[in-house]
Amino acid sequence: MAASFFDQFNVVRIIGGIITNSSIMMLILLSFILIGSSTYKLIPARTQAIQEIVYTHFLELVRDSTANKGTQYFTLIITLFTFIGGLNLLGLFPYVFTPTAHIVITFGLSLSILIAVTILGITLHRGNFASMMMPSGAPLILAPLLVPIETLSYISRAISLGVRLAANVSAGHLLFAILASFGFAMISKGMLVLSLAPILVMIFITLLEIAVAMIQAYVFCLLTVIYINDSLSLH
């Protein structure tokens, strides 16, 4: 029974061996985004008002974090938040596949972001971009020790950014499956009163997972803004 907990993470090929349940979920989310963005009105409804609040917050976040140097990257940040947050929330529905629970998806995003900000830094600062690998004010004699450490720390950004998201999402889904199996086993054996405990915990965990889904998307975007600012300002 324990092995079946991981069945929810299986990637299933559906159409022609090319289209999978993961890609279908991304296409569904993209369709929702396109449909939603085409229904904006001058007098916003509740959903549009919430979207405008989110847009305003992220615009201010990008401006404050980059000292108004990176406002052109606002579109990237809000798109990342919508994409990751949307997939996280859709994954909370029963029988819905969650692409962000797979490290191949999250690591692909984080590695792409690291490569992009590195190219941005090299394009803007040329050889001076290498100064990021040497902390300012540190004695030059420590360079052979600090440069490899800083380089490794810089490269590990891609791993930490992707693993954090996938680990938190997959852990929540596994917890759902385990608690649901406990509740189902108790109900099937006639222990209705005892089954209330895992059911009540699942209700609490559901609310917690909704918060985690959005927080993880926010943290991913926040760190992306910080990495962009590092490339812009060489911090």
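Nothing here was measured: the structure is a model prediction, and the numbers come from that model.
Between the side chain of Ser233 and the backbone N or O of Asp230 there is no donor-acceptor pair closer than 3.5 Å. Side-chain N or O atoms of Thr100 include none that pairs as donor or acceptor with a backbone N or O of Ile84 at under 3.5 Å. Judged purely by atom type and a 3.5 angstrom limit, Ser31 uses its side chain to pair as donor or acceptor with the backbone of Leu27. Proximity of a side-chain donor or acceptor of Ser153 to a complementary backbone N or O of Glu150 within less than 3.5 Å is not detected.
Considering only heavy atoms from C-beta on, Ile228 stays 4.5 Å or farther from Ile113 through its side chain. In this structure, the side chains of Leu89 and Met214 come closer than 4.5 Å at one or more pairs of heavy atoms. Side-chain contact between Thr118 and Phe129: present, with at least one pair of heavy atoms (C-beta onward) separated by less than 4.5 Å. In this structure the side chain of His57 never reaches within 4.5 angstrom of the side chain of Ile53, judged on heavy atoms. Side-chain contact check for Glu209 versus Leu175: every heavy-atom pair is 4.5 Å or farther apart. Annotation: side chain of Leu109 is not in contact with side chain of Leu161 (no heavy-atom distance under 4.5 Å).
Hydrophobic clustering (side-chain heavy atoms under 4.5 Å, transitive across Ile, Leu, Val, Met, Phe, Trp, Tyr) keeps Val117 apart from Ile155. Residues Leu87 and Ile28 are members of one and the same hydrophobic cluster, defined by side-chain heavy-atom contacts under 4.5 angstrom among Ile, Leu, Val, Met, Phe, Trp and Tyr. Note on Val212: it clusters hydrophobically with Val96, by side-chain heavy-atom contacts below 4.5 Å among ILVMFWY residues. Cluster membership for Met25 and Phe107, using ILVMFWY side-chain heavy atoms within less than 4.5 angstrom, is not shared. Both Ile215 and Ile210 sit in one connected hydrophobic cluster of ILVMFWY residues. Membership requires side-chain heavy atoms under 4.5 Å apart, directly or through other members.
Put simply, OH on Tyr55 and CD1 on Ile77 are 14.0 Å apart, with the number rounded to the nearest 0.5 Å. Atom CD1 of Ile205 is separated from atom CG of Leu92 by 11.5 Å, given to the nearest 0.5 angstrom. Note: Cys221 SG to Ile78 CD1 = 7.5 Å, rounded to the nearest 0.5 Å. Once rounded to the nearest 0.5 Å, the distance linking CG of Leu207 with CD1 of Ile203 reads 8.0 Å. Here the straight-line distance linking atom OG of Ser170 with atom CG of Leu165 works out to 9.0 Å at 0.5 Å rounding. Atom OG1 of Thr66 and atom CG of Leu61 lie 8.5 Å apart (nearest 0.5 Å).
Listed here is the closest heavy atom pair of Ala158 and Ser110: O-OG, 2.7 Å. Heavy atoms only, all atoms of each residue included: Thr106 and Ala166 are closest at OG1-CB, 3.4 Å. In this structure, Ile149 and Leu145 approach most closely via the heavy-atom pair CG1-O, 3.2 Å. Here the closest non-hydrogen pair linking Tyr154 and Met132 is CE1-CE, 4.0 Å.
Take Phe58 and apply the ring pair (Phe, Tyr, Trp, His ring centres under 6.0 Å) test, not counting sequence neighbours, and it matches Phe81, Tyr218. In this structure His125 satisfies the side-chain hydrogen bond (donor to acceptor under 3.5 Å, both in side chains) test with no other residue, sequence neighbours excluded.
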Intermediate values then yes/no, side chain to side chain contact (heavy atoms under 4.5 Å, CB included), Thr98 and Leu90: CA-CA 7 Å; Thr98 313; Leu90 286 176; over 6 Å; no
Verdict with reasoning, Leu223 to Arg164, per side chain to side chain contact (heavy atoms under 4.5 Å, CB included): CA-CA 12 Å; Leu223 291 175; Arg164 180 189 298 108; 3.2 Å; yes
Audit row: Thr82, Leu29, side chain to side chain contact (heavy atoms under 4.5 Å, CB included) steps and yes/no: CA-CA 9 Å; Thr82 305; Leu29 178 62; 5.6 Å; no
Residues Tyr227, Leu114; criterion side chain to side chain contact (heavy atoms under 4.5 Å, CB included); working and verdict: CA-CA 8 Å; Tyr227 297 160; Leu114 182 66; 5.7 Å; no
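Legend: salt bridge (charged side-chain N to carboxylate O under 4.0 Å, His left out) pairs involving residues 54-75, not counting sequence neighbours, sorted by first then second residue: Glu60-Arg63.
Using modelled atom types, one finds no donor on one side chain facing an acceptor on the other under 3.5 Å when comparing Ser65 with Asn229. For the residue pair Tyr73/Thr224, the side-chain donor-acceptor check at 3.5 Å is not satisfied.
No more than 12 heavy-atom neighbours from other residues, nucleotides or ligands sit within 6.0 angstrom of CD1 on Ile141.
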